[in-house]
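To start, the structure under review is shown below, and the notes come after it.
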Amino acid sequence: MAGHSDSSSSEKKSNEAMNDVPVFSAENMQNNMKVIYYSRTFMSIIGGVIAGILGFTGFMGFVFYFLVMTITSIGLIARAKFSVHSYVDSWNRIILDGFMGGLMSFVLFWTFAYDIVHIF
Amino acid sequence: MAEDLVLDTAIRDWVLIPLSVVMVLIGILRYFVAKLMRSFQVPDHKIVKEGQVIVRARNLRAAANFIPPKSFRPRRVYFSNEENGLLFVPKGQAQNAQAQMFSDPNMAMDMMKKNLSMIIPQTLTFAWVNFFFSGFVAAKIPFPLTQRFRSMLQNGIDLSTVDVSYVSSRSWYFLNLFGLRGLFSLILGEENAMDDTQRMMQMSGFGFDPSKSLASEKDGLDIVQHEWALPKFEHRAEAVLKKLVR
């Protein structure tokens, strides 16, 4: 996943303080969210093309999409060295952000690849 | 009976791929045109001042817990004092700013330009698709849909027994419209994507009203409960420095 690690290479720590009250550097966190969004979009496009080529139809395709999203989430969490709270402010962000946006790109490229390979 | 129709390769070459390519190119073109047409707006002196006051008040509210209570209180009073506090705006002045904002010709022109640059390419492309690419099956969607979508997706195809998965090129256009947003954000960088729905929401909720935000900042500042979050920081600093020295 060379592209994956390239785009994540600029994740910065957004929570440096060791206070009792967590502090977030807004700019770093925005940067992290952008990286997460890009990673998800990229992976959903690639996943769409793979699903189309492999000939998934119907429900199987959506299951594949969830699989790809899960792999992306695991990759992102591993990239954050499992200390998620020092990079984003809640678990939900790193797991669920960009889910729906990626879905449309996934469906587009899935349809495209499926048609090119199987119907024509 | 879901038998696979075999479709002509020419459809793929001359419909699907050109349509996608054209949409990507139009998106890129629109991005550059918007960049070139962005007119520079001379900022109004009073509005900038008010904006900065709001930013200061917001910073105070956000970082309130990091300064001792004795320093926080005079700062808060400075902002929300009834007589000469910065955030206190008499009622008569409140309406003025809003009226000025909406009758400002430059702002209206900008909004119109942005709206037009969004709507015109979409309309043109849609008309082009309808004119040239109607009346035949263009693609097959890999997942099944119910019969209710038939009229929406199969507008040019008049056989009612064809599976709903076989769609016309109009639906391929819409699929591209939504799916290429992600691609645009990757190639054009930094969310300059074709967020038409987001932009429409921005347009409708635009009314930047400085007097109302002043009042809301004042309320927010009044609400803040100060909790001194760094009571033991001298001990912590000592521990950290000791570690460094060792």
Side-chain angles (χ1 to χ4, degrees), chain A residues 3 7 16-26 30-31 33-49 51-65 98-120, chain B residues 2 4-13 15-17 19-20 23 59 62-66 137-145 165-167 171-187 189-191 193 195 197-198 227-233 236-237 239-240:
Chain A
S7 65
E16 288 281 7
M18 292 176 288
N19 290 335
D20 302 4
V21 177
V23 178
F24 293 103
S25 153
Q30 221 175 20
N31 184 48
M33 299 318 297
K34 227 190 307 182
V35 164
I36 292 176
Y37 178 71
Y38 287 160
S39 308
R40 273 199 204 278
T41 312
F42 188 66
M43 286 297 289
S44 60
I45 291 179
I46 301 284
V49 172
I53 293 179
L54 291 180
F56 289 136
T57 57
F59 193 60
M60 272 299 295
F62 288 110
V63 166
F64 187 71
Y65 177 64
F99 211 78
M100 285 297 124
L103 185 67
M104 293 310 304
S105 304
F106 174 80
V107 167
L108 172 69
F109 282 93
W110 181 23
T111 309
F112 200 44
Y114 182 79
D115 283 343
I116 288 185
V117 171
H118 290 272
I119 304 288
F120 291 113
Chain B
D4 278 349
L5 291 180
V6 174
L7 297 171
D8 194 359
T9 313
I11 299 184
R12 170 187 62 185
D13 291 343
V15 174
L16 288 194
I17 296 183
L19 193 52
S20 297
M23 289 187 75
N59 281 343
N65 292 331
F66 294 111
V137 170
K140 177 179 194 294
I141 320 185
F143 49 89
L145 291 170
S165 298
Y166 292 96
V167 298
S171 49
W172 176 246
Y173 168 73
F174 281 118
L175 199 62
N176 266 316
L177 196 63
F178 292 122
L180 286 178
R181 264 190 283 169
L183 190 68
F184 281 139
S185 74
L186 280 180
I187 49 181
E190 295 192 9
E191 305 283 348
D195 299 342
T197 44
Q198 278 184 10
E227 256 188 47
W228 173 226
L230 308 173
K232 303 199 202 75
F233 69 105
R236 237 182 19 95
V240 167

If I compare all heavy atoms of Val107(A) with all of Leu175(B), which pair ends up nearest, and what's the gap? CG1-CD1, 3.8 Å
Cut-off 4.5 Å, heavy atoms of chain B, and the answer for Phe112(A) is both
Closest contact, heavy atoms only, Gly179(B) versus Ser105(A): O-OG, 3.1 Å
Inter-residue atom distance Phe174(B).CZ - Leu108(A).CG, 0.5 Å rounding: 14.0 Å
Drop me the distance from Met104(A)'s CE to Leu180(B)'s CG, to the nearest 0.5 angstrom. 10.0 Å
Rounded to the nearest 0.5 Å, what separates atom CG in Asp115(A) from atom CG in Leu16(B)? 6.0 Å
Check whether any side-chain heavy atom of Leu186(B) lies under 4.5 Å from a side-chain heavy atom of Tyr37(A), and answer yes or no. no
